[in-house]
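Structure record follows, encoded as structure tokens.
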Amino acid sequence: MLGPVILAASRSDRMRRLISAAPVTKQVVERFIPGETVDEIVPIVRELTGRGLELTMDVVGEDITRPEQAAAARDAYLELVERLGELELGARAEMSVKLSMFGQALPGGHELALANVRPVVEAAAAIGTTVTLDAEDHTTLDSMFAIHEELRKDFPQTGCVIQAYLFRTEADARRLAAAGSRVRLVKGAYKEPAEVAYQQKHEIDKAYVRILRILMEGEGYPMIGSHDPRLISIGQELARRAGRKPDEYEFQMLYGIRGDEHLRLAAEGHRMRVYTAYGTDWYGYFMRRLAEKPANLRFFLRSMISKG
């Protein structure tokens with residue numbers, strides 16, 4: 001089970017330095033993170049939307065230790081919103097934010113994160129798009145859900161993410177599956193203890209299906225975050241049984257993974273959104289992508305060997 005080892009490495013400064021210094025790393029990282037700046041990411045946005053896909057944009061970075069860094073993260077998202085507005089892509093690209101980037105873990109972090117994320121949500125609404133609050137480790141979720149509830153009072157389209165591997169998530173899904181809600185369901189990509197989360201893949205998969213059924217049978221807008229062909233098929237069947245039209249749910253996958261499947265689903269008339277990250281603080285995001293799927297790790301290791 002390499003996944004937990006990789007997730008532990010994602011929080012290691014020593015491993016960060018080692019991997020960042022490897023000559024091949026930049027080439028491999030670009031498979032998942034296609035740019036560091038707004039200027040570099042704009043051509044990607046245009047290419048993907050031109051091929052019938054939608055996007056959710058993530059400015060990567062989580063290790064926030066000072067309020068000034070949280071303010072800088074807010075400003076980076078505001079710059080992104082401004083560019084999307086100039087390109088008239090508000091209807092095709094939303095934003096995903098991690099509240100840790102907005103200062104959630106700092107003293108007074110709940111209020112600080114809410115104060116920093118609100119202008120981003122306001123700016124997104126002004127160009128016709130929205131924001132989804134990403135889920136992080138289980139200790140942050142009560143704060144995230146409270147901020148989500150507060151933002152939805154003025155911006156009801158604000159979305160959130162729930163993670164199938166957590167025991168609490170079925171109850172969260174029942175609460176969130178209400179009219180007007182937007183909920184992305186993922187398996188989960190943080191190292192969580194056995195006291196709060198399923199540890200075995202088959203348990204997580206079964207929980208994913210149970211939770212997705214709750215969302216599909218509810219009154220909200222489910223977003224299926226998975227690359228698993230079996231779960232994608234199950235999602236389509238659950239949508240059919242619930243009587244949902246193609247524009248009443250969507251699929252979401254990561255940039256750089258199963259690109260042909262992105263296009264296939266879009267060609268079949270499904271809403272297909274590509275989670276596209278960019279930025280300089282890529283390490284934690286990159287390591288979780290390696291942990292999620294053995295094929296990603298094999299790709300990285302083969303690249304290191306071939307370039308060594």
Between [atom1] of [X] and [atom2] of [Y], what distance do you get to the nearest 0.5 Å?
| X | Y | atom1 | atom2 | result |
| --- | --- | --- | --- | --- |
| L238 | R213 | CG | CZ | 5.5 Å |
| E40 | Y278 | CD | OH | 10.5 Å |
| M253 | L53 | CE | CG | 10.5 Å |
| K98 | D134 | NZ | CG | 4.0 Å |
| Y208 | L231 | OH | CG | 6.0 Å |
| L265 | E250 | CG | CD | 11.5 Å |

Answer yes or no: are there more than 12 heavy-atom neighbours, outside [X] itself, under 6.0 Å from its atom [atom1]?
| X | atom1 | value |
| --- | --- | --- |
| E88 | CD | no |
| R175 | CZ | yes |
| D247 | CG | yes |

Under 3.5 Å donor-acceptor, [X] side chain and [Y] backbone:
| X | Y | answer |
| --- | --- | --- |
| T276 | V274 | yes |
| S181 | L176 | yes |
| Y77 | S96 | yes |
| R244 | M216 | yes |
| R273 | L55 | yes |
| E219 | G180 | no |
| N116 | F102 | yes |
| E149 | A146 | no |
| T130 | Q157 | yes |
| E217 | I214 | no |

Is any side-chain heavy atom of [X] closer than 4.5 Å to a side-chain heavy atom of [Y]?
| X | Y | value |
| --- | --- | --- |
| D228 | K201 | yes |
| D154 | R118 | yes |
| L185 | M223 | no |
| Y255 | H262 | no |

- Item | Single hit among H148, Q104, E111 for side chain to side chain donor-acceptor pair (under 3.5 Å) with S143 | Q104
Is it true that [Y] and [X] share a donor-acceptor pair across their side chains at a distance under 3.5 Å?
| X | Y | result |
| --- | --- | --- |
| T49 | E54 | no |
| E94 | T56 | yes |
| Q252 | R184 | yes |
| D205 | Y165 | no |
| H138 | Q163 | no |
| T139 | D137 | yes |

Is there a path of hydrophobic side-chain contacts, each under 4.5 Å between heavy atoms, that joins [X] and [Y]?
| X | Y | value |
| --- | --- | --- |
| L254 | F32 | yes |
| M144 | L215 | yes |
| L80 | L87 | yes |
| I127 | L151 | yes |
| V59 | V161 | no |

- Please assess Y221 against V183 for the test side chain to side chain contact (heavy atoms under 4.5 Å, CB included), listing each intermediate value before the final yes or no. CA-CA 6 Å; Y221 181 80; V183 182; over 6 Å; no
Looking only at non-hydrogen atoms, find the nearest pair between [X] and [Y] and report the distance.
| X | Y | value |
| --- | --- | --- |
| L106 | I64 | CD2-O, 3.7 Å |
| A197 | Q199 | O-NE2, 2.9 Å |
| P246 | R271 | O-CG, 3.9 Å |
| A173 | I162 | CB-CD1, 3.9 Å |
| R182 | T132 | NH1-OG1, 3.4 Å |
| A266 | G52 | CB-O, 3.9 Å |

Salt-bridge present ([X], [Y]; N to O < 4.0 Å):
| X | Y | answer |
| --- | --- | --- |
| E248 | K245 | no |
| D142 | R168 | yes |
| R240 | E237 | yes |
| E47 | R51 | yes |

- Query: When you look at R264 and D260, which way does the side chain to side chain contact (heavy atoms under 4.5 Å, CB included) test go after all the steps?
  - Reply: CA-CA 6 Å; R264 183 189 72 82; D260 290 345; over 6 Å; no
- Task: Walk me through it: do M57 and I41 pass the test side chain to side chain contact (heavy atoms under 4.5 Å, CB included)?
- Result: CA-CA 10 Å; M57 308 294 297; I41 208 69; 3.8 Å; yes
- Message: With side chain to side chain contact (heavy atoms under 4.5 Å, CB included) as the criterion, how do E268 and Q236 come out once you've worked through the C-alpha distance, each side chain's angles and the decisive distance to 0.1 Å?
- Response: CA-CA 12 Å; E268 290 182 356; Q236 291 173 309; 4.0 Å; yes
- Query: Are the ring centres of F167 and Y198 closer than 6.0 Å?
  - Reply: yes
